[in-house]
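Reviewing the structure listed below.
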Number of protein chains: 2
Amino acid sequence: MKTLFISILGLLAAMTVNAQKLTSPDGQMELNFKVDAKGKPTYNLTRKGKTVIADSHLGFDLVKENANKAMDFEYKTFADKDKIEKKANMTTGFKIVSTKESAFDETWKPVWGEESSIRNNYKELAVTLSQPDNDRTILIRFRLFNDGLGFRYEFPSQKNLTYFNIKEEKSEFAMTGNHKAWWLAGDYDTQEYEYQTSRLSEIRGKMKDAITENSSQTPAGPTCVQTALQMKTDDGLYINLHEAACIDYATMHLELDDKNMVFTSHLTPDAQGYKGRIQTPFNTPWRTVIVGESGKDILASRITLNLNEPCKLTDTSWIKPTKYVGVWWEMITNKSHWSYTDDVYSVKLGETDYKKCKPHGRHGATTAHVKEYIDFAAENGFDAVLVEGWNEGWEDWFGHQKDYVFDFVTPYPDFDLKGIHEYAASKGVKMIMHHETSSSTANYDRHLDKAYQFMVDNGYNAVKSGYVGDIVPYGEHHYSQPLNNHYLRCITKAADYKIMVNAHEATRPTGICRTYPNWIGNESARGTEYESFGGNPVDHTTILPFTRMIGGPMDYTPGIFEMDLSKVAPGNTSKVRSTLARQLGLYLVIYSPLQMAADLIENYKRFPDAFQFIKDVPCDWEKSVYLEAEPGDYVTIARKDKNSDNWFVGSSVDENGHTSTLSLSFLSPKTQYEATIYADGKDASWDKNPQSYTITKRKVTSKSVLRLKSASGGGFAIALRAIAN
Amino acid sequence: MKTLFISILGLLAAMTVNAQKLTSPDGQMELNFKVDAKGKPTYNLTRKGKTVIADSHLGFDLVKENANKAMDFEYKTFADKDKIEKKANMTTGFKIVSTKESAFDETWKPVWGEESSIRNNYKELAVTLSQPDNDRTILIRFRLFNDGLGFRYEFPSQKNLTYFNIKEEKSEFAMTGNHKAWWLAGDYDTQEYEYQTSRLSEIRGKMKDAITENSSQTPAGPTCVQTALQMKTDDGLYINLHEAACIDYATMHLELDDKNMVFTSHLTPDAQGYKGRIQTPFNTPWRTVIVGESGKDILASRITLNLNEPCKLTDTSWIKPTKYVGVWWEMITNKSHWSYTDDVYSVKLGETDYKKCKPHGRHGATTAHVKEYIDFAAENGFDAVLVEGWNEGWEDWFGHQKDYVFDFVTPYPDFDLKGIHEYAASKGVKMIMHHETSSSTANYDRHLDKAYQFMVDNGYNAVKSGYVGDIVPYGEHHYSQPLNNHYLRCITKAADYKIMVNAHEATRPTGICRTYPNWIGNESARGTEYESFGGNPVDHTTILPFTRMIGGPMDYTPGIFEMDLSKVAPGNTSKVRSTLARQLGLYLVIYSPLQMAADLIENYKRFPDAFQFIKDVPCDWEKSVYLEAEPGDYVTIARKDKNSDNWFVGSSVDENGHTSTLSLSFLSPKTQYEATIYADGKDASWDKNPQSYTITKRKVTSKSVLRLKSASGGGFAIALRAIAN
């Protein structure tokens with residue numbers, strides 16, 4: 001009987017070589033893979049028997065090999081034509097050669113993060129496929145976690161597949177219905193759009209209004225959206241599509257077939273319109289599908305980090321989570337300026353003599369002013385001071401695709417670089433360097449070694465880099481393969497110099513900070529700065545955790561206490577769309593190992609009791625608990641300090657306000673805590689009375705339940721100090 | 001009467017403010033400038049009353065300022081449209097604001113050259129033009145020499161013209177007839193085409209055949225030709241169109257309106273299709289019209305150099321004209337290889353471990369072989385040895401637009417870089433570095449400092465750089481503004497390291513070697529290497545001096561003694577289309593301060609008597625005399641050594657052969673010379689008997705006349721040794 005059973009199994013294996021099933025460790029998710037009648041690799045995904053992703057094809061269209069030749073022929077002969085067309089096909093004609101199933105379970109410790117240890121537990125199916133027509137082999141690797149799926153393509157080194165160019169990746173994600181979605185307009189150059197909330201079928205109609213003006217933008221198509229894309233099905237399933245480990249590859253968008261509700265990958269083209277230039281052996285990024293029964297499940301997922309490679313840096317002792325202040329918000333609000341003079345409107349570095357120019361008197365980065373920030377940082381326990389506008393070139397830095405726009409080593413005459421460094425060092429404060437590239441990455445690449453060496457020579461160990469405007473090399477995009485390679489080149493080179501990097505306007509993160517934890521920050525979405533440019537939608541910070549932050553931390557720069565910006569900079573009519581209490585809550589809601597207290601010193605001095613929370617809140621965590629989370633409505637997160645027994649809770653809610661009932665069961669059951677609760681005042685609202693807040697203290701334990709009412713655009717923050725065991 | 005005369009002159013000046021005349025120093029050339037009824041700047045050029053260039057317009061079409069915005073509107077409002085269209089117009093609506101005439105006459109000494117001192121004598125007309133519609137001012141500067149015209153556009157710094165982008169330069173050159181022309185197909189990426197000889201009206205019909213396959217090519221248009229363009233009118237006037245000082249600007253082609261025989265400038269676009277990105281103040285390159293009554297006049301012109309800026313290097317003592325041999329022709333002929341192994345067909349630098357690879361045994365740049373060349377150089381008085389294929393990466397360097405293709409510092413395992421340097425130094429021989437970029441200039445830019453420092457550290461003071469294949473950054477062209485900036489950035493940075501540069505496949509020279517004389521060589525045309533790829537047309541070297549070489553010296557690599565390449569590399573069916581005697585003549589015909597003896601050691605050892613000329617001929621000159629020159633037929637040039645009283649004469653003739661009657665009147669009248677004459681044998685011809693040559697000696701004076709018969713594809717060389725005063 002036993003023998004017979006084995007025989008039947010063997011027979012089944014032989015029969016089903018074209019259909020494979022993989023089950024998640026907890027048995028609730030199931031991946032099915034087959035090659036269909038046309039030889040198309042096809043997968044689907046279910047959870048508890050319900051379809052999450054319906055049958056979806058996988059593959060690539062390749063660039064026809066002589067298509068870029070400018071000769072007046074496309075094909076030399078018809079024989080060539082057939083051969084060229086055949087070689088460009090990587091979607092059909094596949095056969096399964098072999099499959100291999102395996103399991104993995106380990107717990108690893110990130111250098112910094114939302115948790116001090118992360119479990120990576122999945123089952124894996126590796127399918128080797130041959131395409132006999134082209135005598136070549138590819139591999140598709142699936143990893144199925146309890147909370148979702150990752151898959152990638154692998155191209156082994158082989159004679160018939162050494163170099164090839166991608167016309168388009170054709171990875172499908174077939175939705176089972178007209179889900180609700182929180183989406184950003186697809187664009188090759190910017191993520192700084194407002195999130196849209198709609199049914200999938202409404203994307204096309206809403207696209208035009210979703211695209212607002214930006215310093216660099218190239219909309220990707222009428223139904224193209226960015227990842228991470230958050231969706232919710234009518235029966236309450238939360239689905240999130242993104243990617244992990246986007247290395248040497250273009251950033252992916254999702255293009256919706258809105259008749260069939262099927263997304264297909266849409267890569268960012270380079271300046272020649274190619275979407276990928278591949279040299280084998282090569283693995284693509286992972287495409288991820290996070291699945292949960294609540295918004296909290298999505299935020300708790302570690303799939304993105306787990307699908308990245310372990311840390312490649314041998315020494316990480318120099319990488320430190322950092323809380324900082326800086327000379328920045330005053331420029332963003334137009335109170336002061338990055339530039340130094342009005343005497344020149346066209347700078348030629350090395351020729352323009354700033355010493356002969358009359359200062360316009362509104363330059364932010366002066367030695368005296370920076371020293372005020374150093375003093376403030378030292379007095380209030382901040383680690384570092386960021387200064388923008390310290391270097392020559394800001395008079396015409398923007399909007400010209402100027403190649404040689406900054407040299408990264410020459411300060412303005414009123415910025416005493418060495419004196420400032422010495423002053424900061426004497427106070428135990430680090431300076432954070434600023435490298436705005438104006439998107440002339442060609443120029444930045446040429447200067448990188450000297451710029452980093454200059455930092456080391458002058459005591460800087462962290463840099464904020466910026467990529468505002470259209471890219472040089474001309475025709476490239478912020479999210480194309482060459483630019484993604486640029487960003488990572490900066491990271492790895494910075495690691496050689498023991499420099500931490502916080503890149504703004506770069507592409508959206510995909511968890512690479514696991515591999516290179518000196519990549520300590522990213523912007524890649526509308527941050528607080530947009531509050532000064534008309535304002536972020538009130539629900540913005542309740543969507544970010546489900547979208548932008550699936551890929552990694554964001555340098556959101558919270559902590560604004562003065563919401564009426566006309567009081568900061570006369571003429572600025574913007575109002576920050578948040579209550580003051582929510583600004584405190586954001587230190588928990590928007591995770592980052594790099595947290596700024598972004599407002600001006602004088603505004604913090606007006607609210608010392610509220611400022612105490614910013615002084616107290618750490619930015620590195622042992623544990624995170626997602627208490628409540630509904631995209632577009634509210635997010636409340638509790639996190640335990642990595643270096644103490646203290647917990648902190650923060651919340652942000654949308655324009656409708658929200659009442660939270662919080663069980664503190666996450667607290668250590670044997671410990672008593674003193675809770676300091678920073679909440680919206682009864683009469684608070686983001687638009688009418690944002691500075692109305694209350695601060696109350698009470699003793700709590702893990703059995704306590706808190707009931708907190710947040711105003712429209714409000715939120716709260718709680719510091720829970722362990723006081724007795 | 002005098003008063004009246006002045007008044008009339010004043011009146012004339014006021015009346016003719018829109019028409020200006022400029023006369024050359026010798027009074028024979030005349031430039032007329034006016035602004036026509038539509039406000040178009042217009043010029044014409046005459047010589048001895050005959051029209052050389054008929055009325056021709058000047059100006060630019062600019063890129064419409066929001067044309068590259070990817071939003072679904074082109075103009076926000078119709079008011080915008082009018083404003084945008086108006087701003088993009090830089091061809092009409094001009095008025096003369098002022099004109100200024102001046103004269104210039106100086107003699108300057110180049111660091112190296114065809115002459116040890118050069119006279120720069122011209123009259124200048126600077127016309128300031130306003131365009132009231134756009135409230136902006138430009139200037140056109142004309143310099144009229146006895147042998148031609150140069151003009152350029154100047155854009156002063158001004159509020160309404162700070163940054164702008166060029167859609168096309170619209171400089172016209174109206175020909176007066178259907179001239180005979182020696183032309184190259186216009187192309188944004190290569191000059192390695194065969195010269196065509198035809199009437200202007202025949203260009204369109206011959207274009208398709210004029211475009212042959214190349215490793216990187218982008219034909220510019222059906223009537224587009226390259227400069228320098230040589231023409232000859234039916235009444236015997238020689239006209240040459242080119243450019244000088246092409247700095248921070250795209251390389252120009254000429255697009256022919258073949259109904260009206262009017263050329264218009266056609267610039268090389270960048271990856272976004274822009275043809276120039278200008279930040280004022282800015283001056284364009286000079287557009288040049290060299291005019292002569294004989295071919296000799298064209299070759300004797302120094303307009304290109306004179307229109308460049310004086311030398312900007314303060315110390316030039318390290319710049320040395322160089323005669324060299326090298327490990328090169330053997331790879332070009334396929335006798336040996338640049339690559340090291342067959343074990344890998346896809347290299348990842350830093351990952352591919354060459355030490356574990358089996359050498360394929362055909363690698364040219366081995367330590368032992370290079371030492372043979374060092375010995376040979378030392379024994380025969382050569383200054384230096386070039387070695388190609390010394391560094392890792394050649395297994396897949398070509399044809400993939402591979403970004404990280406070479407690192408410029410890692411030798412193959414069988415190339416002992418330090419040992420070779422020490423060996424060469426002990427013999428008084430310099431090593432010439434080789435940097436093939438595979439046109440990945442992005443990668444080269446990133447490595448430049450380290451690559452040059454590596455050269456300095458290892459005793460190299462000269463580099464041959466190569467730009468084979470399509471450019472990275474993707475979509476750029478070899479001749480676009482960003483690439484021209486790249487080449488010059490290499491030159492100026494090399495000067496910082498005291499390195500001489502010989503750039504192959506870079507853009508065509510425009511005399512910039514005057515300003516940066518460490519730019520010691522260029523290829524930028526079909527050189528001797530094409531003799532191994534099927535052969536150059538027999539008249540090729542009689543056209544080069546009128547075309548490619550108007551811009552500056554060429555590293556043509558002459559000196560091939562074995563014309564049947566199957567004897568060098570079995571399987572190579574090419575035959576060098578030249579007699580051996582002509583190979584010697586080329587050392588005079590193709591001027592270069594960097595001259596290679598390109599053939600293999602073993603071939604020189606077979607013809608020691610002929611090789612003596614290569615050993616004797618210098619490569620830096622006090623004086624040059626153009627004895628006879630007809631494009632496509634023959635060129636014979638005499639040059640006096642800069643460091644002795646010796647003269648050398650060389651000649652190259654076309655497939656029809658040629659008999660030269662040479663008056664030696666250029667010799668010092670009081671000196672007697674021993675002439676060693678290397679001539680074609682009576683039965684010589686390039687195709688049947690190329691190695692038939694005679695060597696005769698006789699005593700001559702300035703009164704002597706030599707009669708020399710050159711074979712088909714032949715030529716001669718004469719060494720004139722001063723023996724008595």
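What you see is a predicted model, and the numbers here were worked out from it, not measured in a lab.
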Quiz item: Cut-off 3.5 Å, side chains only: do B:D396 and B:Y345 have a donor facing an acceptor?
Solution: no
Quiz item: Side-chain donor-acceptor pair under 3.5 Å between A:Q272 and B:Q401, yes or no?
Solution: yes
Quiz item: Where along residues 482-490 of chain B does a heavy atom come under 4.5 Å of chain A, listed by residue number?
Solution: B:P482, B:R489
Quiz item: Contact part of A:K450 toward chain B, heavy-atom cut-off under 4.5 Å: side chain, backbone, both or neither?
Solution: side chain
Quiz prompt | Most contacts with chain A, counted as non-hydrogen pairs under 4.5 angstrom, among B:D187, B:D445, B:D403, B:N165 | solution = B:D445
Exercise. Tell me yes or no: between the side chains of B:Q279 and A:S346, is some donor less than 3.5 Å from an acceptor?
Key: yes
Quiz item: Less than 4.5 Å apart, any side-chain heavy atom of B:K402 and any of B:S438?
Solution: no
Quiz item: Any donor-acceptor pair under 3.5 Å linking the side chain of B:E351 with the backbone of B:L349?
Solution: no
Practice problem: Examine whether an atom of A:V347 lies under 4.5 Å from a heavy atom of chain B, and if so say whether it belongs to the side chain, the backbone or both; otherwise answer neither. | Solution: backbone
Self-check item: Candidate list B:Y452, B:Y444, B:Y467, test side chain to side chain donor-acceptor pair (under 3.5 Å), partner B:H435, passing option
Solution: B:Y444
Quiz prompt | Between A:Y274 and A:Q481: side-chain donor-acceptor atoms closer than 3.5 Å | solution = no
Exercise. Quick one: which of B:A442, B:G273, B:P281 has the most heavy-atom pairs under 4.5 Å with chain A, could you say?
Key: B:P281
Quiz item: Would you say B:K348 has more than 12 foreign heavy atoms packed within less than 6.0 Å of its NZ?
Solution: yes
Practice problem: Between chain A and each of B:D189, B:T280, B:L448, count heavy-atom pairs under 4.5 Å; write down the option with the most. | Solution: B:T280
